[in-house]
Amino acid sequence: MNPPALVLEHVSRHFGGLKAVDDVSLTIQPCARHALIGPNGAGKTTLFNVISGELPATGGQISLFGEDVTRLAPHQRAARGIARTFQITKLFPNMTVIENMLLACEALDRRKLVMFRAVSSYADLNQRAAALVEQFGLSGRTHEVARNLSYGEQRKLEVALSLAGRPRLLLLDEPMAGLSAGESTSMHAMLEQLDPAIAVLLIEHDMDIAFAFAERVTVLHQGRMLTEGHKDEVSANLGVQQIYLGMGAAE
Amino acid sequence: MAEPDAALGGPRPPSNTESMSPRGWRLAIVLVLGLVFSAGPLLFSSYWVGLLTQMVILAILAMSLDILLGYTGLPSLGHAAFFGVAAYAVGVLATVHGAGFWTCVAGGLLVGTLLSAVLGLIVSHVRDVYFLMITLALGMVLWGLSFRWIPVTGGDNGISDIPTLAAHSGLPFAGPLALYYVTLLVFIACAGVMALIVKSPFGLTLRGIRENEGRMKSLGFNTWLHCYLSYVIAGAFASVAGVAWAYYNGFVSPTYLDLTASSELFLMVTLGGPATLVGPVLGATAIVLLKNVMSAYTARWLLVLGIVYIVTILVAPKGVWNLGPSGRSR
Ligand SMILES: Nc1ncnc2c1ncn2[C@@H]1O[C@H](COP(=O)(O)OP(=O)(O)OP(=O)(O)O)[C@@H](O)[C@H]1O
Ligand SMILES: [Mg+2]
């Protein structure tokens, strides 16, 4: 059998006395659709930072596809199949949409170190970048600099960049946050169309979306895992928790 | 690389409406520069040919800093060190060891580039103001060395009597005009290679690091390596300029690698337009011109530099090349 996409064993991240992530153990199988929910400040983004390597864990062990990556830098984890989006959009603001995409496409390609040949001369890279731009409905904005995009377009580009490296594990940090109802629906549709072979871990505040998208759900509260299980089990005992956690209503 | 997120503020209105489009403005700049640098020396006196030679050499140097400062976003205040060290290497090899022309050229390039390859190991770990400070400190150390290591560098006196290009290389054409056109060829070659580098997949990564290094890392780039290579490339082209300068000037002294020299360079890039390559050429031209005009009136060159810097920031924050309605300048 294939190794799990991600295994967290007793992972912690403390900021001084604050236990932002506290003893979290979690397994994500390949092809999984998994949601991570919890109130503001629960530690969801911090957990993503620890998984992707932006922040070192202060305790515990992290494995990607059977390999211990606890001490690896973000770019080394990316090379092992992990990709992520950011809650606060992180683009290349003064570069055009297609340049943003080209960068993402060459990130895991050895040609990123080629110096004496124009990037425009690589037909395959350019075609792949253009296809992703098209797939996310940004073809009309190909040569616009990223900072001139609307917020909704920036969020689309944010997700598109994360897919360029053909990841096997995708971490999405509130991709729908701040979008209008229409934009949110179309983003949701895009997420549903993701390659089923990619394991996806989604942070989402909207319970309807989280439970519609995911098979399994993890609830995080004050850095600790409250529940983890199939979405039916979790939603069954979520009523009590909602009052306790003060989260938005499901259904 | 300061807070890229803050720049993502949705659509912006066009910032200003000047009469001249950036395209017309840029065409004018390129035409004037092209005309002056190709035909100018044939029309001007030999004093001006000398100035044009300085401009061309310093343009190579300023472009090399632009790779680092403009494209990668790494502000170096010690870049003149590579230029100076390469010039010293030529001076020592030619005068003390009596080395031949190609040995001197290769030696200058090698010493300057190797130095950047060693210092790059240190500086590539830090960013922003820390990068500024550490490059400043290393630049000062090298300046101090050129000043104090008297047996090799001649200290304050420097090294004089470096043979002329014609005498040393056996080139059949002597005189300032020949030197100028050889230098111009070197400039064209360097500019062509640098223009290719910034358009390459690697060049794209440098701009990515400037724009958002955190995102670069999470996409899978080892940004340390890219910053290091950028630093070494900049050092290598600065060495080319240093070798050319040694032959142009026939003399090397510690002032070539002092803080004033590095600050002038920084200003050339900022004034002309960072991350454009043409901008630094424009900046080098303007600063050399200004320095020679002003030297007739005042000895306070640093003060003049400071004023020019302030005016640039206020009037043309993106450089003279980017004056006019803000467009897709990069
Ligand atoms: N770099 C940091 N230094 C100190 N404290 C931090 C840091 N990053 C996060 N925290 C703290 O850790 C806790 C968890 O924050 P985190 O951003 O992970 O929450 P979250 O679940 O993503 O919340 P939200 O739903 O608002 O995005 C918060 O109390 C936060 O203030
Ligand atoms: Mg968060």
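What you see below is based on every heavy atom in this structure, not just the backbone, and it leaves out hydrogens, waters and symmetry mates. Residue numbers start from 1 in every chain, and the chains themselves are labelled A, B, ... in the order their sequence lines are given, proteins ahead of strands.
Within a 6.0 Å radius of CZ in Phe15(A), more than 12 heavy atoms belonging to other residues, nucleotides or ligands are found. In Glu134(A), the CD atom is not crowded: 12 or fewer heavy atoms of neighbouring residues, nucleotides or ligands sit closer than 6.0 Å.
To the nearest 0.5 Å, atoms CZ (Phe48(A)) and OG (Ser218(B)) are separated by 12.5 Å. Here the straight-line distance linking atom CG of Leu219(B) with atom NZ of Lys90(A) works out to 10.0 Å at 0.5 Å rounding.
Taking chain B as the reference chain and counting heavy-atom pairs below 4.5 Å, the highest number among Leu108(A), Leu161(A), Leu125(A) is found for Leu161(A). Chain A forms more heavy-atom pairs under 4.5 Å with one residue of Thr205(B), Val193(B), Leu229(B), Val198(B) than with any other, namely Thr205(B). Annotation: maximal heavy-atom pairing with chain B below 4.5 Å, among Lys112(A), Glu54(A), Arg77(A), occurs at Lys112(A). Chain B forms more heavy-atom pairs under 4.5 Å with one residue of Ser121(A), Pro167(A), Ala118(A), Gly165(A) than with any other, namely Ala118(A). Chosen from Ile82(A), Asp109(A), Leu113(A), the residue pairing most often with chain B at heavy-atom distances under 4.5 Å is Leu113(A). No other option in Ala164(A), Ala78(A), Ser162(A), Ala107(A) has as many heavy-atom pairs under 4.5 Å with chain B as Ala107(A).
By the 4.5 Å heavy-atom criterion applied to side chains, Ile233(B) and Met115(A) are counted as neighbours. No side-chain heavy atom of His75(A) sits under 4.5 Å from any side-chain heavy atom of Phe221(B). Side-chain contact between Ser120(A) and Lys199(B): absent, with no pair of heavy atoms (C-beta onward) separated by less than 4.5 Å. Residues Leu91(A) and Asn212(B) are not in side-chain contact: their nearest non-hydrogen atoms beyond the backbone lie 4.5 Å or more apart. Using a 4.5 Å cut-off on side-chain heavy atoms (C-beta onward), Ile197(B) and Phe116(A) make contact.
Nearest heavy atoms, Met95(A) versus Leu204(B): CE-CD1, 3.7 Å. Minimum heavy-atom separation, Arg111(A) to Pro201(B): O-CB, 3.3 Å. Among all heavy-atom pairs drawn from Phe86(A) and Arg215(B), the shortest one is CE1-CD, 3.7 Å.
Within the 4.5 angstrom heavy-atom criterion, atoms from both the backbone and the side chain of Ala104(A) approach chain B.
Salt bridge Glu99(A)/Arg207(B): present, at least one basic N to carboxylate O contact under 4.0 Å.
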